[in-house]
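In what follows, every chain begins at residue 1, and chains take the letters A, B, ... in the order their sequences are listed.
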There are 4 protein chains.
Amino acid sequence: MMNLRLARLEENSRTIVQVHGVSVGKGLTIIAGPCSVENERQLLETAMAVKEAGAQMLRGGVFKPRTSPYSFQGLGLKGLKLLDKARAVTGLPIVTEVLDTRDVSWVSEYADVLQIGARNMQNFSLLKEAGKSSRAVLLKRGMYSTIEEWLNCAEYILSEGNRNVILCERGIRSFESYTRNTLDLSSVPSVKELTHLPIIVDPSHGTGRPNLIGPMSLAAVACGADGLMIEVHVNPDEALSDKDQALTPGQFAALVKKLRSLKEFMEGSS
Amino acid sequence: MMNLRLARLEENSRTIVQVHGVSVGKGLTIIAGPCSVENERQLLETAMAVKEAGAQMLRGGVFKPRTSPYSFQGLGLKGLKLLDKARAVTGLPIVTEVLDTRDVSWVSEYADVLQIGARNMQNFSLLKEAGKSSRAVLLKRGMYSTIEEWLNCAEYILSEGNRNVILCERGIRSFESYTRNTLDLSSVPSVKELTHLPIIVDPSHGTGRPNLIGPMSLAAVACGADGLMIEVHVNPDEALSDKDQALTPGQFAALVKKLRSLKEFMEGSS
Amino acid sequence: MMNLRLARLEENSRTIVQVHGVSVGKGLTIIAGPCSVENERQLLETAMAVKEAGAQMLRGGVFKPRTSPYSFQGLGLKGLKLLDKARAVTGLPIVTEVLDTRDVSWVSEYADVLQIGARNMQNFSLLKEAGKSSRAVLLKRGMYSTIEEWLNCAEYILSEGNRNVILCERGIRSFESYTRNTLDLSSVPSVKELTHLPIIVDPSHGTGRPNLIGPMSLAAVACGADGLMIEVHVNPDEALSDKDQALTPGQFAALVKKLRSLKEFMEGSS
Amino acid sequence: MMNLRLARLEENSRTIVQVHGVSVGKGLTIIAGPCSVENERQLLETAMAVKEAGAQMLRGGVFKPRTSPYSFQGLGLKGLKLLDKARAVTGLPIVTEVLDTRDVSWVSEYADVLQIGARNMQNFSLLKEAGKSSRAVLLKRGMYSTIEEWLNCAEYILSEGNRNVILCERGIRSFESYTRNTLDLSSVPSVKELTHLPIIVDPSHGTGRPNLIGPMSLAAVACGADGLMIEVHVNPDEALSDKDQALTPGQFAALVKKLRSLKEFMEGSS
């Protein structure tokens with residue numbers, strides 16, 4: 001991994017990604033929101049709830065990569081307009097996934113952070129297009145990808161001139177089926193040693209079990225994660241996608257409190 | 001897997017994909033050629049050699065999905081023009097990979113079969129675009145993908161109206177590192193039971209070792225594969241990509257002979 | 001793998017393991033029988049049926065490694081006596097699994113071949129004990145084991161002085177859940193290249209689906225396997241263990257015919 | 001997992017395993033020591049160092065499960081006598097691995113806790129023998145094992161009457177090769193939800209990289225682990241086994257301080 005532009009050069013040269021006043025890579029950045037944008041009421045209620053609970057960015061998918069072509073595929077432009085409204089109401093910057101090279105430029109007019117999902121981690125055309133964008137990019141680790149491959153994908157974005165890359169560990173695929181994926185927290189200190197980029201953790205996809213989201217979020221903070229991305233839904237049972245892994249606003253608020261307190265403790269004790 | 005259009009309905013309703021006189025799904029279809037199109041001499045020599053050895057289609061990549069952005073990325077349009085020339089000289093239909101939704105329509109003017117690679121198996125935008133194309137589509141299994149997920153990806157193409165889908169097993173990722181991937185030949189009879197689509201096997205990526213290509217090709221035929229896609233290079237040691245897994249034209253010719261003879265035996269004995 | 005006694009030295013120095021007139025490593029050796037020895041009627045009927053169908057050895061477990069302590073654990077000594085009777089009736093040598101170092105010597109009085117199962121592949125005490133035995137040893141690949149680790153386990157047996165080792169590929173664990181394990185047939189030509197030992201394939205555990213046993217057995221022969229070990233039960237639906245992967249005697253007889261014919265073809269054409 | 005004796009019945013019924021004054025399952029239990037017992041000086045110096053740093057038990061292997069039969073296999077009885085001496089000097093209870101059913105009773109005369117290693121997790125004879133012992137048993141998760149299979153192995157011990165079982169997460173095998181194993185910390189809160197048994201974490205085998213041991217130990221504490229087992233060697237570069245993953249006494253002492261402080265914080269904040 002010698003020739004990577006992302007290789008960490010010196011102890012104090014870490015990249016901090018600035019997104020409308022949020023500094024990813026400094027302190028603990030918490031991104032929350034529903035898996036999918038479903039309708040105005042669902043999105044605004046969730047957005048206001050996560051804002052109040054202490055989230056600093058709002059996530060919500062409008063293009064959903066679904067296993068089956070017959071599952072809900074997302075609201076598209078209509079969803080982006082709802083995200084725009086939610087941002088206006090809450091002031092939270094927006095993180096949303098982009099799936100297609102042709103969508104990068106116009107989606108960038110709505111999104112503050114472009115997410116590249118696990119299934120597209122090695123969609124090199126999409127990486128290059130995101131590398132030409134002026135938006136920050138949140139790059140999820142592919143479910144089948146080694147740390148080295150993942151960092152090379154970040155390099156695809158950096159090599160096009162966009163230095164605002166946030167890595168996101170979301171679990172890899174293993175034989176274990178009790179959890180939806182196997183959250184590989186070892187990648188957090190590994191990435192921080194190998195690169196200067198910030199890394200956050202997605203315990204929702206990483207576990208697929210609401211009861212594990214809290215403990216694994218705390219573990220992520222303890223091993224040095226710069227942030228968390230957590231799925232929250234005002235009514236998880238009625239979610240159109242990933243309903244089994246969303247927290248309620250109440251659960252989320254209680255968790256954020258613990259996470260901030262732990263981060264403060266970790267920073268004081270290191 | 002109940003709602004798939006690709007579900008097999010009756011014993012004798014298998015799809016045969018017609019590509020300029022080649023019937024994929026009937027007998028044994030052998031696709032061969034270099035990993036990457038490198039230059040005119042390399043391509044034409046290889047094309048003529050595989051034609052003479054009995055290949056029925058020519059493969060060659062012009063957009064290469066490479067782990068690092070600093071590796072050879074392929075010749076692009078220039079490569080397509082070389083493939084066009086090779087087709088004119090040999091009469092072999094062309095199989096080439098497409099990586100970007102924006103490229104599907106113009107690449108279709110050169111390619112007879114559009115390949116969707118393992119890393120893009122769940123690039124749903126690309127699948128839909130290929131589903132709108134009039135070209136046959138060769139859909140490789142993702143290295144991290146279950147059979148069920150793979151068939152759902154085929155369904156994305158079929159649901160757009162394109163019924164000419166060829167599945168290609170190319171190995172999955174496991175902990176075993178002796179082989180480049182773990183070639184999962186069980187998928188061949190599984191897919192033939194679950195669907196009406198033809199399935200071929202890529203033992204080059206599936207093993208990453210020239211010595212294993214022959215035995216695993218024979219195994220693929222024995223368990224019912226409709227074809228093989230094999231990397232051949234006039235000078236493997238000088239290949240710009242995947243040089244460790246290409247056969248020489250001589251090795252390939254000897255293998256084709258064995259494969260055709262085995263296929264004939266299998267059809268006679270079943 | 002430099003220091004292994006099993007390293008292949010010259011092209012024609014392959015080990016042939018002799019078991020009461022059966023030469024494993026020459027032609028195709030077919031081992032069949034029930035997963036567990038359940039009672040006299042079940043065992044004798046199955047034994048006579050597989051003998052008639054052309055099997056050359058009888059398998060049957062009397063100590064069963066079961067996931068739960070509350071599942072059927074096998075008949076123990078009583079089962080060995082039934083195997084003894086089945087051998088007397090059919091003349092077939094007996095293959096049976098041994099789980100405990102303390103059992104190796106007395107089980108050897110009944111068994112012709114000691115099987116070491118996947119879960120015990122790295123039970124080094126058991127390997128050493130088997131290495132001191134005068135019986136041939138059938139060493140299954142661990143479900144989590146690389147080819148290199150497996151061959152090192154064979155080396156544990158060889159280094160104690162027992163040269164009669166038969167390797168058995170039975171599938172590795174991957175994320176794919178359609179099959180019970182992922183049968184890694186690439187190990188067959190790999191092992192034959194790396195060592196002088198015979199290798200057989202167990203498609204019953206390797207797939208866990210009766211419909212896949214036939215195709216994968218044929219594939220195993222095509223890539224060079226020296227034999228097969230197949231579960232057969234007179235009444236699969238009533239089997240006390242692994243009932244989902246046993247063939248009926250009729251299915252087995254039809255398969256043996258195809259396998260012998262394919263082996264003959266392969267030997268003629270190579 | 002309905003019929004397991006280890007299933008958690010009520011919120012406050014957790015098992016606390018008592019080992020000579022150390023209460024595993026209450027607070028944070030730290031076990032440390034060398035991978036292998038090598039000689040008196042190495043063991044005693046390490047034992048005194050880890051005692052002073054705050055470890056509550058001493059680990060050290062005298063029977064080593066090694067991939068190759070030609071690697072160092074451990075000191076056996078001589079090593080047990082050295083462990084006995086180290087216990088006399090430091091007062092620390094001894095944890096040591098047992099590989100063979102025949103060794104359980106006599107090794108129990110030296111060991112305070114019998115360790116069953118990852119490779120023997122499904123050595124059911126050994127589990128049963130350990131279940132008959134009066135010693136506590138530390139059961140490592142197999143590198144290929146699901147949580148459900150692991151808990152069933154604990155059940156094998158419990159069902160023989162020994163209730164003093166400590167589970168130990170040590171990483172599972174995945175395709176990622178940057179780390180030696182993939183430490184699956186999700187198992188910690190999962191096991192605590194599914195059972196009443198204490199669970200500790202082994203970050204040394206779980207990562208195989210000294211730089212990751214600290215962060216992953218902190219993460220383990222944050223998600224609820226009852227303890228840690230960490231490899232420490234007075235001179236890691238000269239260790240006869242696993243030299244790449246041992247901490248020096250100095251590194252270990254600094255880590256213990258952080259871990260105890262974090263545990264205190266976690267208990268105060270929950």
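- Residue contact with chain D, scored on non-hydrogen atoms closer than 4.5 Å, involves the side chain of T179(A) exclusively.
- For S145(A), the part lying near chain D is the backbone, with the side chain staying farther off; criterion is any non-hydrogen pair under 4.5 Å.
- With a threshold of 4.5 angstrom between heavy atoms, R209(D) does not approach chain A through any atom at all.
- When heavy atoms are compared at a cutoff of 4.5 Å, S190(A) approaches chain D by way of both its backbone and its side chain.
- In this structure the side chain of P189(D) reaches within 4.5 angstrom of the side chain of L212(A), judged on heavy atoms.
- Y178(A) and E193(D) make their closest contact through OH-OE2, 4.2 Å (heavy atoms, listed as atom of the first residue, atom of the second, distance).
- Sparse packing is recorded around CZ of R163(D), with 12 or fewer heavy atoms of other residues, nucleotides or ligands lying under 6.0 Å away.
- Closest approach of L218(D) to M266(A), counting heavy atoms only: CD1-CE, 4.1 Å.
- Contact between A219(D) and C223(A) at its shortest, heavy atoms only, is CB-CB, 3.9 Å.
- Note on V221(D), D184(D), L262(D): by heavy-atom pairs under 4.5 Å with chain A, the leading option is L262(D).
- Between S174(A) and I172(D), the closest side-chain pair of non-hydrogen atoms falls below 4.5 Å.
- Contact of the L183(A) side chain with the L185(D) side chain is not registered, since no non-hydrogen atoms from C-beta on lie closer than 4.5 Å.
- Residues F265(D) and S261(A) have side chains in contact (heavy-atom distance under 4.5 Å, counting atoms from C-beta outward).
- Between atom OG of residue S186(D) and atom CG of residue N211(A) there is a gap of 12.5 Å, rounded to the nearest 0.5 Å.
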